Amino acid sequence: MCGIGALFAFPKGLLVNNSEQLTTSLQQAFLNNNNNNNNNNTNTSSNNQQQENLIKLHYLLQYGNISSTTTIDNNNNNGNNNEELKKNNDDDEDTERNESFQEKINKILSIPLMKQKPKQQSTNNNHNDNHSHNNENNNVENSHNCSHNNENNVETDNNLLSKIKSIETVISPRGPDETHHFILNENFNENVQEDNCATIHSDYNVCLIASLLALRGERPYPQPLQINNEHYLIWNGEIFGNEEYFSDCVLGHENDGMCLLKQLFNCKTEIEVLTVLSNIEGPFSFVYLNKKDNYLLFGRDILGRRSLLYSLNENCTEIVISSVACHLTNFYEWNSIGVNGIFKIQLSNNNNDISDISDISDNRSNSSSIGCKIELLEWDMIYKEINRKPLIADRTCIEPLSSSLLLNSDNNKENNNEGKEEEDLENYEKLVDQFIEALSNGVRKRVTNIFDRYSNDDDDNNNSSTLSSTHKEEEAQLKKEENNLKHAKVCILFSGGIDSVILTALTHLNISSQEEPIDLLNVSFGNNKNQQEASADRKQAIESYQELKTLYPTRNFRLILINVNPNELQEERTIIEKLIYPQHTVIDFNIGSALWFASRGKEDNKEDNNERIIEYTSKARVILCGIGSDEQLGGYRRHFKKFKYFGWKGLNEEMDMDIKRLWIRNLGRDDRVISYHGRESRNPFLDEPFINFVRTLPLWYLASFNHVNANSDKQDKKEDNGMKTTLPGDKKILRRAAQKLGLTRSCLYVKRAMQFGSNIAKISFKKQHANDTIDIVL
């Protein structure tokens, strides 16, 4: 994993390779917006043109090509705003959906410029102490880095270098091993890596920046990666599948970034390049520079599992992209780059560019001598052109042929069609086994073949103790125990709920070495230890931990109990706010804070007499998260309400939308927050083959949607000892899978939102609504 950033400067401007349809639509939006347009410089034709191009750029980068998004708007507005549903749908966050074209334009027009920050001694004194070593390897400049000595260019160079430094500062925690940057200009025949750095003042300037967290391959590979000084790649991702193209890293142990770059280097045409990119299974964001053919590509995977933000300057002459936002004076505030396809910028207007798929988008136009052109090559168009099935398939079975095929949540046989029910139950159980296998495969890819940076380190450097004089006699024994403690390569966000428990079980089953521990990270908030230990997630985690230990006694599961009080939360508030940005609501902050403290993986255990403190911080660089389970398997109350009011088709639309909007609601934010601690989040429930398998299953196998309140703990039946005897109706297939794995207690726990289960909602923004906005200053 890496933190990536790039600066592109085009003194002649950056223009959208638009069509008449886009221009016409924008003109109509301008007419509709006359009454509330907040731009004061719209009196001249040139200003109108400049503003129109700026809006086109924002729209393209966030929402995609206009012809696609207008269709989506129309579809989303057909019946989805039913007042009855909205009235009964206030239990879940409901943002970033059903926006009309006009609403999107209004949102773009409201994006403000970042102004000059007041001078101060330091803007972030409490930068994570774990990252004080982030740039220790950068004291000696390597061939990727440039220095500038031309006095005539001091102001401009310092401006460029200050931007580079700002980006390096925010992405370095993501990649604590190394951070590098590389500057070049449009004259690609010159070597600008060393003394020729002053040539950055030419027509086209490109700077690539990357920080490294080594996870794949037999050694670290500093970025930017390059071949023959012609092909450059900054890569923040993982390739987990499709051995036809990536066998060296999928079946072997090669670094996946280098494996990808070699494939791109061997491509002769643009269609071959896009074929390679469209066959990547796994999360990614990237920038690829082809100096030979003078073009840039950048983008994210189709689910948006890796953060990638952009910012434009006022004149549309510079675009900056980064994994994390930073302050850039006179640039527009940052926004997330969309996931509709790959963005291309042609860096020259000659005729030797590769454009053999000129029909891939209706938005291509003739080259212009003024400015560079940016366009979006949509995934759907790419799939059609290369005759490939989409990476994420549509659901195949939406409505049942007969009501007799519907299974009850408690899997009993008490119905009038006993024969059919038994037959369907048998089929259901087979599908549950296949479900376990598919999810297990997704886990296996993510917990194996991890580069072990700490293989030769002494673990006692990580586990420190401060002993009072009354405990000196225990020091030797404690040190011996700590030296024998093997570090974990994998940790898991562990609430003790069904998602985290089944991921833990499958992680154990897929890590062959029984000596390798697995760290379980559980976070709880409260004013004191009693409140922290009383949270629902803490109690649930301890019970699930005990069940796992009993079921798998040979594995060393380490339950790391992370307690956070209001003072600690306030101390880290500025850092967390900058990481969740551009999201800026109360619920974003609360979820982001829970993820930030949990993924830090730091436990402080104090004895009652406070004479001995044992600190433990997980060294695992990979952290498994359960995101994607609720969205696909019927984990939200709104899924049941959608089915009640709109039936199976309405339910399918809702669940499909949940997956498609994960990039803007959750994934980018979570990636930024978790990666700050030098860990990479991996999401087995968002494994592409697993998603496609789930989409072959009938909706009524996933959860008991015919029981509207089936995910409510109020209807759970009890045994004499207080334990529930029936599976809750939400995520029924996942619960049955856990049951078959032997997790007979954990499979019964009801769902709780992170902000409530961890108790953070009780100490953070207690008097504000979840969707209230908070002010964030970069």
Side-chain angles (χ1 to χ4, degrees), residues 63-65 68-69 71-72 75-76 96-97 237-246 250 274-286 299-306 308 336-342 360 376-398 434-435 438-439 441-443 445-446 625-635 639 649 651-668 670-671 681-699 701-702 733-734:
Y63 302 111
N65 293 320
S68 300
T69 52
T71 301
I72 292 174
N75 287 341
N76 285 346
E96 306 296 345
R97 61 190 292 159
E238 303 291 344
I239 300 178
F240 289 128
N242 206 331
E243 56 266 23
E244 178 183 352
Y245 288 87
F246 310 108
V250 174
L274 296 175
T275 299
V276 169
L277 294 173
S278 65
N279 276 282
I280 296 173
E281 290 182 7
F284 65 84
S285 60
F286 78 101
R300 308 167 67 184
D301 69 84
I302 197 168
L303 294 173
R305 288 163 287 187
R306 290 290 173 261
L308 195 62
S336 293
I337 290 176
V339 297
N340 293 321
I342 299 297
I360 200 168
L376 173 64
L377 308 177
E378 294 181 331
W379 289 120
D380 289 344
M381 294 294 184
I382 294 172
Y383 295 146
K384 286 182 180 179
E385 188 66 27
I386 66 176
N387 195 27
R388 185 198 190 283
K389 293 182 179 180
L391 200 61
I392 304 296
D394 292 330
R395 190 177 301 280
T396 58
C397 190
I398 297 176
Q434 295 173 23
F435 178 93
L439 183 57
N441 287 336
V443 171
K445 302 171 192 176
R446 289 159 174 81
C625 307
I627 191 168
S629 170
D630 290 329
E631 289 76 8
Q632 296 183 79
L633 305 177
H639 293 155
K649 289 184 178 180
L651 172 63
N652 181 63
E653 289 176 4
E654 183 75 12
M655 295 177 70
D656 191 55
M657 182 186 294
D658 277 345
I659 287 293
K660 289 180 178 178
R661 64 180 175 169
L662 265 178
W663 69 275
I664 190 65
R665 290 183 62 181
N666 304 84
L667 291 171
D670 296 355
D671 175 62
S681 62
R682 295 184 177 179
N683 311 305
F685 287 105
L686 295 179
D687 179 63
E688 290 91 341
F690 174 75
I691 293 175
N692 288 329
F693 170 75
V694 169
R695 289 184 169 223
T696 66
L697 299 176
L699 282 170
Y701 279 9
L702 305 181
I733 192 169
L734 183 66

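In this text, all values refer to a predicted model and were calculated from it rather than measured experimentally.
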Subject >> Heavy-atom pair with the smallest gap, counting every atom of S681 and C625 >> reply: CB-SG, 4.0 Å
**OP:** Please tell me if the side chains of I302 and V339 come closer than 4.5 Å, counting only heavy atoms from C-beta onward.
**Re:** no
Original post:
L734 and F685: side chain to side chain contact (heavy atoms under 4.5 Å, CB included), yes or no, with the steps?
Top reply: CA-CA 11 Å; L734 183 66; F685 287 105; 4.0 Å; yes
Original post:
For G626, does its backbone N or O pair with a side-chain atom of S629 as donor and acceptor, under 3.5 Å?
Top reply: no
Original post:
If we only count heavy atoms from C-beta on, is the N666 to R661 side-chain gap below 4.5 Å?
Top reply: no
Original post:
Hey, what do you get for CG (L391) to CG (L303), rounding to the nearest 0.5 Å?
Top reply: 7.5 Å
Original post:
Please walk me through it: do V694 and L702 pass side chain to side chain contact (heavy atoms under 4.5 Å, CB included)?
Top reply: CA-CA 8 Å; V694 169; L702 305 181; 4.2 Å; yes
Original post:
If only atom types and distance count, is the side chain of R300 paired as donor or acceptor with the main-chain N or O of I337 below 3.5 Å?
Top reply: yes
Original post:
How many angstroms lie between CG in L697 and CD1 in I733, if you round to the nearest 0.5 Å?
Top reply: 5.0 Å
**OP:** Look up atom NZ in K389 and atom CG in D394, then write down how far apart they are to the nearest 0.5 Å.
**Re:** 12.0 Å
Original post:
F240 versus P283: any side-chain heavy-atom pair under 4.5 Å?
Top reply: yes
Original post:
Any donor-acceptor pair under 3.5 Å linking the side chain of Q632 with the backbone of G628?
Top reply: yes
Subject >> Nearest non-hydrogen partners of A438 and F693, listed with the distance >> reply: CB-CD2, 4.0 Å
Original post:
Below 4.5 Å, heavy atoms only, C-beta onward: do I386 and L274 meet side chain to side chain?
Top reply: no
**OP:** Examine the side chains of N279 and R388 and answer whether a donor and an acceptor come within less than 3.5 Å of each other.
**Re:** yes
Subject >> Electrostatic pair K660:D656 at N-O distance under 4.0 angstrom >> reply: yes
Subject >> Side chain N340, main chain W379, donor-acceptor under 3.5 Å >> reply: no
Subject >> Spatial distance of atom NZ (K649) from atom CZ (R395) [nearest 0.5 Å] >> reply: 14.5 Å
Subject >> Pairwise distance OH(Y245) to CG(L277) - rounded to 0.5 angstrom >> reply: 11.0 Å
Subject >> Side chain proximity check, Y383 to S278, heavy atoms < 4.5 angstrom >> reply: yes
**OP:** State, with a plain yes or no, whether a side-chain heavy atom of L308 is found less than 4.5 Å away from one of S336.
**Re:** no
Subject >> Expected output: side-chain N683 to main-chain I627 donor-acceptor under 3.5 Å >> reply: no
Original post:
Can you name the nearest heavy-atom pair linking P689 to E281, along with the distance?
Top reply: CG-OE1, 3.7 Å
**OP:** Let me see the working for T275 and E385 under side chain to side chain contact (heavy atoms under 4.5 Å, CB included), right down to the final yes or no.
**Re:** CA-CA 9 Å; T275 299; E385 188 66 27; over 6 Å; no
**OP:** Would you name the heavy atoms of V443 and P684 that are closest together and state the gap between them?
**Re:** CG2-CB, 3.8 Å
**OP:** Would you give the length of the straight line joining atom CD1 of I342 to atom CG of L377, rounded to the nearest 0.5 angstrom?
**Re:** 8.0 Å
**OP:** Could you give me the CA-CA distance, side-chain angles and deciding distance for N441 and D687, then say whether side chain to side chain contact (heavy atoms under 4.5 Å, CB included) is met?
**Re:** CA-CA 9 Å; N441 287 336; D687 179 63; 5.6 Å; no
**OP:** Using modelled atom types only, decide if a donor and an acceptor are shared between the side chain of R682 and the backbone of R446 within a distance under 3.5 Å.
**Re:** yes
Original post:
If only atom types and distance count, is the side chain of D301 paired as donor or acceptor with the main-chain N or O of R305 below 3.5 Å?
Top reply: yes
Original post:
So, F435 versus Y701, ring centres under 6.0 angstrom or not?
Top reply: no
Original post:
If only atom types and distance count, is the side chain of E688 paired as donor or acceptor with the main-chain N or O of G282 below 3.5 Å?
Top reply: yes
Original post:
Taking side chain as C-beta onward, heavy atoms only, is E238 less than 4.5 Å from K445?
Top reply: no
Original post:
Using a distance-only test with no angle check, is there a side-chain donor-acceptor pair under 3.5 angstrom linking H639 and D630?
Top reply: no
